[in-house]
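As structure tokens, the structure follows; a few thoughts come after it.
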Amino acid sequence: MNGGGGHVGALRSFLKKVVQFVIVLATTLLGLVAVTFFIGRVVPIDPVIAIVGDRAPAHVYERTRQELGLDRPLIEQFVIYVKKAATGDFGNSVLTTNPVMTDIINVFPATLELATLGTIIGVIVGIPLGVLAAVKRGSLLDQFVRVLGLVGYSVPIFWLGLMGLLLFYAKLGWVAGPGRIDVTYSYLYTPVTGIVLLDTAMQGQWDAFWDAVSHVLLPACLLGYFSLAYISRMTRSFMLNELAQEYVIAARVKGLSEMRVIWRHALRNAAVPLITVIALSYANLLEGSVLTETVFAWPGLGQYITNSLQNADMNAVLGGTLVIGTVFVLLNLVSDLLYRLLDPRTR
Amino acid sequence: MAGSPALSHPTGWRAWLLSPEPHSRWQARLGRFYLGWRAFSRNPLAVIGLGIVLLLILVALFADVIAPYSPVAGGDLRTQRLLPPSETFWLGTDDQARDIFSRIVYGSRITLFVVVLVALIATPIGLLVGTVAGYLGGWVDTVLMRITDIFLAFPRLVLALAFVAALGPGIENAIIAIAITSWPPYARIARAETLMVRNSDFIAAVKLQGASTPRIILGHVVPLCVSSLIVRVTLDMAGIILTAAGLGFLGLGAQPPMPEWGAMVATGRNYLIDQWWVAAMPGIAIFVVSLGFNLLGDGLRDVLDPKAAK
Amino acid sequence: MLDIQNLQVVFGTGRLRVDAVKNVSFHVEPGEAYGLVGESGSGKSTVLRAICGLAPISGGRVLVDGKEVTTPRTKAFYRTVQMVFQDPYASLHPRHTVDRTLSEPLAIHGEKDAEARILQALREVGLGPSFRFRYPHQLSGGQRQRIAIARALILRPKVLLLDEPTSALDASVQAEILNLLDDLRRKMGLTYILVSHDLAVVAHLCERLLVMRHGEAVEETTSAALRSGAASNDYTQSLIQASQGFTRTTKPPLQSLAG
Amino acid sequence: MTKPLLDVEDLRVRFHLRTGTVEAVRGVTFQLGRERLGIVGESGSGKSQTGRAILGLTPPPGEVTAKRLAFDGIDLLTASKRTLRTLRGGRISMVMQDPKYSLNPVMTIGEQIIEAYQAHAKASRGEARDKALAMLEAVKMRDPARVFSLYPHEVSGGMGQRAMIAMMLVTDPDLLIADEPTSALDVTVSMEVLRILDELVTERGMGLIFISHDLKLVSSFCDRVLVMYAGRVVEELEAKNLREAKHPYTQGLMRCLPTLADDVRPLPTLNRDPAWAL
Amino acid sequence: ATPPDTLVQAWQSDDIISLDPAEVFEMNASEIIGNTYERLITYDIKDVSKISGQVAESWTVSPDGKTYTFKIKPNRKFASGNPITAEDVVYSLQRAVALDKSPAFILGQFGLTKDNMKDKIKQTGPLELTFEVDKPYAPTLVLYCLGNSVASIVDKKLLTQNEKDGDWGYNWLKTKYAGSGPYIMRDWKANEVLVLERNPNYEQKTPLARVIYRHIKETASQRLLLEKGDVDVARSLNPEEIAAVSKNPDITVQSAPKGTVYYLGLNQKNPNLAKPEVRQALKYLVDYQAIADTIMKSKGEVHQNFLPKGFLGAESNNPYKLDVAKAKELLAKAGLKDGFSVTMDTRSTAEITGVAQAMQATFAQAGIKLEILPMDSKQALTKYRARQHDIYIGNWGSDYQDPNSNADTFAANDDNSDNAKAKPLAWRNAWDPGPLTAKTRAAVMERDAEKRAQMYKELQKAVLDDGPFVIFLQQTEVAAVRKNVQNFVLGPSFSDNDVSQAKKN
Ligand SMILES: Nc1ncnc2c1ncn2[C@@H]1O[C@H](COP(=O)(O)OP(=O)(O)OP(=O)(O)O)[C@@H](O)[C@H]1O
Ligand SMILES: Nc1ncnc2c1ncn2[C@@H]1O[C@H](COP(=O)(O)OP(=O)(O)OP(=O)(O)O)[C@@H](O)[C@H]1O
Ligand SMILES: [Mg+2]
Ligand SMILES: [Mg+2]
């Protein structure tokens with residue numbers, strides 16, 4: 001019932017939103033940079049040693065220090081960093097010697113692949129479980145879902161990961177072991193997207209594809225389980241909320257089937273806050289589960305950042321963190337947009 | 001009012017507790033508590049959770065009595081190392097020939113310490129940031145929420161790692177690091193809750209009595225956010241233990257030979273396949289305790305959350 | 001006692017601008033009860049909220065006891081003017097006992113003797129001491145509204161702003177609250193401004209009233225005039241009509257109820 | 001009155017709660033023809049639960065029993081879920097109290113009406129759409145095509161309530177239960193809504209159960225009135241005779257309303273007699 | 001399963017930061033350099049005293065002991081097809097000196113600098129060059145250093161093509177390859193995989209077409225992969241895993257002692273540790289044998305002198321044993337009857353932490369409260385190099401096969417002041433070895449091998465008795481190899497781990 005205004009008003013408010021978003025993104029990122037940067041500088045690890053090694057003579061050490069600009073005042077270093085970062089240049093990684101951006105482009109697809117599959121599993125399984133638990137509140141099924149979720153919350157991921165490997169890979173041989181693809185196949189395709197499943201499929205290397213599937217299955221299920229635990233819980237609670245609403249009764253009054261009432265009416269409404277939950281859980285998975293990646297020898301972002309941090313490779317840490325921050329903010333935006341799309345009240 | 005059914009009337013101390021007309025603030029409070037307990041105790045899972053948490057506390061308190069061996073001093077490396085569970089060593093021994101059972105028993109203290117401290121640090125921060133932002137709105141809200149977003153968008157483990165790196169490894173610093181990374185979601189929850197109540201009539205009513213902003217926030221807004229936050233925090237306990245374990249796994253948590261469960265699992269990782277008990281026993285302990293906190297949190301939610309209670 | 005001059009309240013800006021109250025003026029004598037009626041969204045509540053500082057005064061003046069109010073309001077103002085809200089379910093803090101709710105204003109204003117004053121306040125609104133340690137959810141709507149009135153009265157204000165104090169209540173409970181308000185006014189010499197959409201309620205409690213529509217004052221009239229069905233304004237007339245129950249256009253209107 | 005449309009005998013609704021059993025409705029008996037039946041009573045007296053029990057929509061911990069609960073000869077208690085579903089919305093409808101909460105916030109009003117129609121009539125989308133538009137027009141919606149594509153939050157309370165009525169009447173039911181359909185509305189708007197309901201009863205010969213706590217309204221709108229107290233019907237009488245009610249409760253309810261007509265001070269209040277609830 | 005012509009290894013390679021031989025200093029990368037590049041000189045990995053030419057056909061040393069003349073083998077080619085000439089060798093050595101990366105001191109210690117290298121390293125014919133050192137060092141020292149990975153021969157032509165701004169092709173070579181060894185470094189994805197491929201131009205064709213190193217951080221994962229046959233060799237198994245896989249009939253466990261010793265560094269800035277009795281007492285408070293038999297089983301042998309076995313003059317006597325009574329006596333003499341508290345900077349790797357805890361337990365028996373400070377290795381090093389530790393537990397691997405490598409760091413300290421330029425281990429522990437420094441310097445010049453060995457024995461004795469180092473183990477490298485793999489060789493240093501003759505049946 002928006003009166004007057006018309007297109008001009010809508011356009012202006014849209015532009016305002018865009019400007020607002022850009023400001024939010026910029027300040028958040030700047031804040032991220034600042035926090036990471038200064039944390040990076042207080043870490044009592046000498047990045048120079050990380051490069052020149054333990055036994056380098058003093059002059060090599062000193063020269064490298066200057067090359068890295070570490071002899072300048074902190075503020076100056078920060079300004080230089082921000083200036084460069086604004087152009088997408090996060091410097092070079094000490095560990096891999098590549099530009100950090102290149103590295104991240106290399107490792108991110110691995111994490112993306114895993115996180116996406118994990119989230120898909122979490123959504124496909126978690127939502128129906130949550131819905132059923134809510135519909136049959138207090139039933140055996142509800143308790144089962146609750147315990148399943150709680151177990152997901154409680155078990156150390158590396159433990160579950162290794163146990164999974166031991167059982168499904170070593171003992172049963174149902175899935176392939178750690179890594180993304182067998183060496184036999186690893187040179188049969190050329191990485192284009194960096195997502196092995198996509199690359200192999202696009203290039204018609206079906207043997208390689210299935211091998212990659214069997215590699216990704218276990219870690220994806222593991223992450224999927226954790227995301228399922230969270231999603232099913234939240235779904236249940238949102239659904240309980242919706243099922244208590246009057247419009248659900250109204251839908252029943254209309255003579256709709258219970259299926260339709262639950263899945264079309266209640267879930268459709270529960271989906272609105274669920275979007276945020278799913279986005280959040282996806283973002284968390286995208287952050288890269290260091291532990292999962294370690295256990296499954298998955299060369300992803302989590303391992304990259306952790307490894308860089310441990311080796312005082314601050315450029316890489318900063319870059320990685322910024323990428324994650326950006327992903328986070330973008331996901332927030334997307335979930336916001338979806339929210340708007342799903343909930344007419346916020347349009 | 002009309003139509004309320006006649007309930008059988010209790011007698012004795014229960015009558016006193018349930019008295020519809022308590023005579024003092026204390027009696028009223030106890031009565032509330034009792035009712036809450038009754039609702040809580042009808043949920044068997046929640047009671048199990050409470051039992052586990054109580055057990056954890058008891059074990060932590062009486063660790064010296066319960067543990068048959070020293071948690072730090074190992075036995076003979078040649079003969080007592082990596083022994084499977086037996087009558088002498090109920091849960092086996094680890095790579096330093098230490099009794100795993102004793103270590104788990106003593107480790108409960110650290111676990112409890114971690115959990116309680118994180119809760120005590122993170123909850124108030126989140127609560128305060130969230131309620132202040134939500135209540136005051138405007139630029140305060142913008143600034144506080146931007147900061148929250150930054151911390152939220154920060155990879156959690158990286159932030160923890162960075163803090164631990166900056167402060168030096170050790171359990172206290174790990175706790176601070178975990179606390180610093182756990183408050184943003186609490187702030188979000190508290191803010192959302194505050195936004196819901198800030199325009200409500202009862203807040204307007206205290207405003208109309210001339211209450212100052214701090215008074216409104218602390219006395220009127222905070223209590224409303226606390227219950228959902230308590231629930232969330234207890235649910236997060238598992239996450240906290242596991243993050244501590246994760247830090248331990250990365251060598252940044254507790255210092256050896258501290259019997260921190262996460263660190264124990266981390267060491268046990270090296271023996272996972274053949275000497276499974278080294279990792280499995282503390283792993284099970286973590287699982288049971290976080291399950292306990294989870295169940296307790298679930299139960300508390302039903303008691304504390306008026307929406308769920310209805 | 002209260003003087004409202006050309007009051008204007010505007011919410012939001014630009015496309016979202018809402019002129020909730022436009023140029024409303026009225027005057028209330030000490031000890032008088034003054035009514036505000038009008039359809040939903042006509043700005044009745046907003047007038048009250050503007051008076052006590054819960055809504056912004058965008059134009060015009062509000063004078064209490066001859067003095068213009070300040071923003072933010074002083075503590076002294078709150079001792080003079082208090083408000084009772086429409087929804088008894090929303091106006092009490094769900095986690096505070098009656099005791100806490102009533103002791104809060106005393107604590108804020110540093111009043112001593114809380115114990116006795118609380119018991120007295122409960123008595124005044126017709127509730128026994130047994131209600132003292134109850135939580136709002138343990139009270140009926142009518143009881144809640146009594147607590148809200150007690151809270152408003154515990155500081156001994158001179159002016160009470162009543163925002164539809166009975167519209168959420170059953171007819172029988174409404175009668176009790178109206179009686180109570182009537183009593184209190186007489187006993188304490190209070191000044192009321194009563195907002196309601198129920199003409200009968202306003203007529204019952206107030207001497208004079210203002211009819212509002214779309215944020216504007218339509219006409220000021222008296223209860224007596226209402227009772228006699230004398231309204232100069234069409235809108236007021238239609239309100240009077242509607243308040244008399246359903247009228248079947250096909251059948252002759254039910255004269256019996258109109259009296 | 002010929003064969004009654006709805007026959008209710010000794011209807012009981014119980015809620016088994018942790019704290020004991022709440023009997024929300026205790027032995028309600030009435031029959032309904034093609035007429036306007038009002039149910040009044042104070043809050044919590046069991047009006048809504050009676051209405052919901054008829055539709056088989058008593059919420060989960062509730063239990064419904066009755067000696068007889070029949071609609072047009074169909075026993076509603078033993079009817080299969082399927083039968084119930086076809087009845088619900090098809091032949092019996094219910095207009096709920098608050099349009100703000102009873103319309104699905106994420107579906108357009110048109111969609112919701114179409115959905116109701118298609119649940120009972122085999123109709124193409126186009127037909128359903130035409131029917132929905134016609135229905136919106138029938139409830140005196142000013143610009144049906146526009147309202148059709150609006151979301152519930154985009155319409156005012158009065159429009160929402162009319163949309164709700166359109167949705168519930170699109171299947172041309174024989175019985176409509178209206179649970180406080182006007183209490184959320186302005187006096188002026190509520191008169192319009194009532195007028196629509198009235199027309200439907202008189203023109204389509206529909207049975208109407210009109211639930212309200214507003215005695216004045218019920219007495220002026222309905223043919224017959226049931227007065228409920230604590231889950232029981234304490235009195236049943238012709239609406240126009242409400243002034244002459246015999247039960248002290250009804251009398252009390254009538255008297256405690258302030259009126260423009262006379263100025264009683266203090267207003268009489270109800271002195272609840274515990275015996276009423278027995 | 002792995003392809004028959006490919007050897008797949010699982011290892012932990014997160015420390016590889018460059019594959020430029022002039023920069024490589026870490027163990028994993030030097031193994032790659034060892035298998036993909038050649039040097040002038042090589043030695044027999046079964047007996048390191050047998051030095052032979054690799055790219056060099058022959059060499060002579062001038063009578064004054066300062067000029068070495070090398071003749072290059074004719075008709076050798078780089079993987080790129082370019083011929084190997086003396087020009088390439090000169091270029092390679094000059095490049096290492098000029099780039100001046102971490103391992104450059106191995107050549108630099110002979111008085112070579114960016115400014116004088118053109119005069120000191122000279123091409124004297126198409127296949128002949130001279131290499132001039134500043135003092136008459138023991139020739140074995142010079143030759144061992146020329147056999148080090150820093151002195152690997154790189155393809156001048158290829159590098160010149162890829163040079164940018166006079167960087168000697170450094171930025172290119174970090175991740176690329178320009179050598180002549182048995183394998184070509186085909187592909188390196190940091191922290192993921194490193195692929196070697198047969199070099200068709202190598203004089204002796206390798207049996208395998210490909211060697212793949214997979215980075216698998218988790219040792220348990222390595223083991224699972226090995227047992228399933230998805231890798232052929234697992235390189236980072238821990239002792240228990242080795243014990244377990246050695247029972248597997250499909251797997252053999254290979255091991256080789258490495259030139260790395262494990263030690264505790266006792267900071268002499270700590271007044272307690274500065275007492276000679278305390279230093280001694282600590283040496284009696286380590287249960288050497290138990291550690292070697294359990295926690296470090298198959299990863300190390302008891303060894304208490306600073307020269308690893310196999311080095312010229314290396315001592316193999318291990319006089320210290322766990323003796324709490326003796327230690328208490330010594331402590332009492334030092335006036336610390338009730339013990340004292342001390343911290344130990346510990347890198348958080350499983351084995352170091354394990355050893356540290358074992359020591360913590362034995363120290364406690366004499367009343368010494370040892371607090372372990374776990375930290376990551378870069379952090380520990382930073383602290384160590386700032387002399388801020390109490391005790392540092394670590395290991396030291398010799399940079400080249402000559403005893404000077406270790407003597408120089410354990411037994412010499414030219415300047416013990418806080419801002420000294422050189423930071424040998426003695427300096428890091430704030431220890432002034434007194435006359436030992438001069439003795440170390442003299443030993444380098446001794447050209448008589450017999451006498452030289454004797455000098456090192458004396459140095460070792462002195463450090464063993466009084467030095468601030470509790471040396472307890474010499475590292476053994478272990479690899480679990482599937483039975484069908486043959487000729488997989490673990491050499492005495494990491495660059496000697498050789499897969500060039502490996503094959504699978
Ligand atoms: N905080 C606010 N922000 C924006 N608009 C507001 C706000 N408060 C009230 N309004 C608008 O001001 C107008 C008057 O509202 P008000 O609550 O005073 O009406 P009312 O007469 O009290 O109606 P009711 O009988 O429904 O209580 C409405 O259109 C409402 O939407
Ligand atoms: N889900 C439920 N669980 C327990 N008791 C319930 C439930 N729903 C309703 N009741 C009880 O049933 C009784 C009748 O409720 P009902 O909703 O029919 O009242 P009503 O007459 O419609 O009142 P109102 O005018 O407030 O709508 C009340 O006492 C109420 O507390
Ligand atoms: Mg209002
Ligand atoms: Mg009702």
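In what follows, chains are A, B, ... by sequence order, proteins preceding strands, each numbered from 1.
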Going from CE on M96(D) to CD1 on I249(A), what distance comes out if it is rounded to the nearest 0.5 angstrom? 5.5 Å

Taking all atoms of both residues into account, what is the closest heavy-atom pair of S102(D) and A250(A), and its distance? O-CB, 3.2 Å

Spatial distance of atom CD (E246(A)) from atom CG (D179(D)) [nearest 0.5 Å]: 8.5 Å

Could you check which of M94(D), R52(D), M168(D) has the highest count of heavy-atom pairs closer than 4.5 Å to chain A? R52(D)

Scored by heavy-atom pairs under 4.5 Å with chain A, the best of L55(D), V95(D), L57(D), I177(D) is L57(D)

Output side-chain donor-acceptor pairs under 3.5 Å for residues 123-136 of chain D, partner residues at least two apart or in another chain, one line each.
{"unit_1": "S124(D)", "atom_1": "OG", "unit_2": "G126(D)", "atom_2": "N", "d": "3.4"}
{"unit_1": "S124(D)", "atom_1": "OG", "unit_2": "E127(D)", "atom_2": "N", "d": "3.2"}
{"unit_1": "E127(D)", "atom_1": "OE1", "unit_2": "S124(D)", "atom_2": "N", "d": "3.1"}

Rounded to the nearest 0.5 angstrom, the CG-CD distance for L103(D) and Q245(A) is 12.5 Å

Filtered by a 4.5 Å non-hydrogen cutoff, the part of residues 78-92 of chain D contacting chain A is R85(D), R88(D), G89(D), I92(D)

Inter-residue atom distance Y247(A).OH - M164(D).CE, 0.5 Å rounding: 13.5 Å

Could you pull out the closest heavy-atom pair between G255(A) and A119(D), with the gap in Å? O-CB, 4.5 Å

More than 12 heavy atoms of other groups within 6.0 Å of F30(D) CZ: yes

Would you say the side-chain atoms of H265(A) and Q112(D) include a donor-acceptor pair closer than 3.5 Å? no

Check whether K254(A) reaches the backbone of S93(D) with its side chain - one donor and one acceptor, N or O, closer than 3.5 Å. no

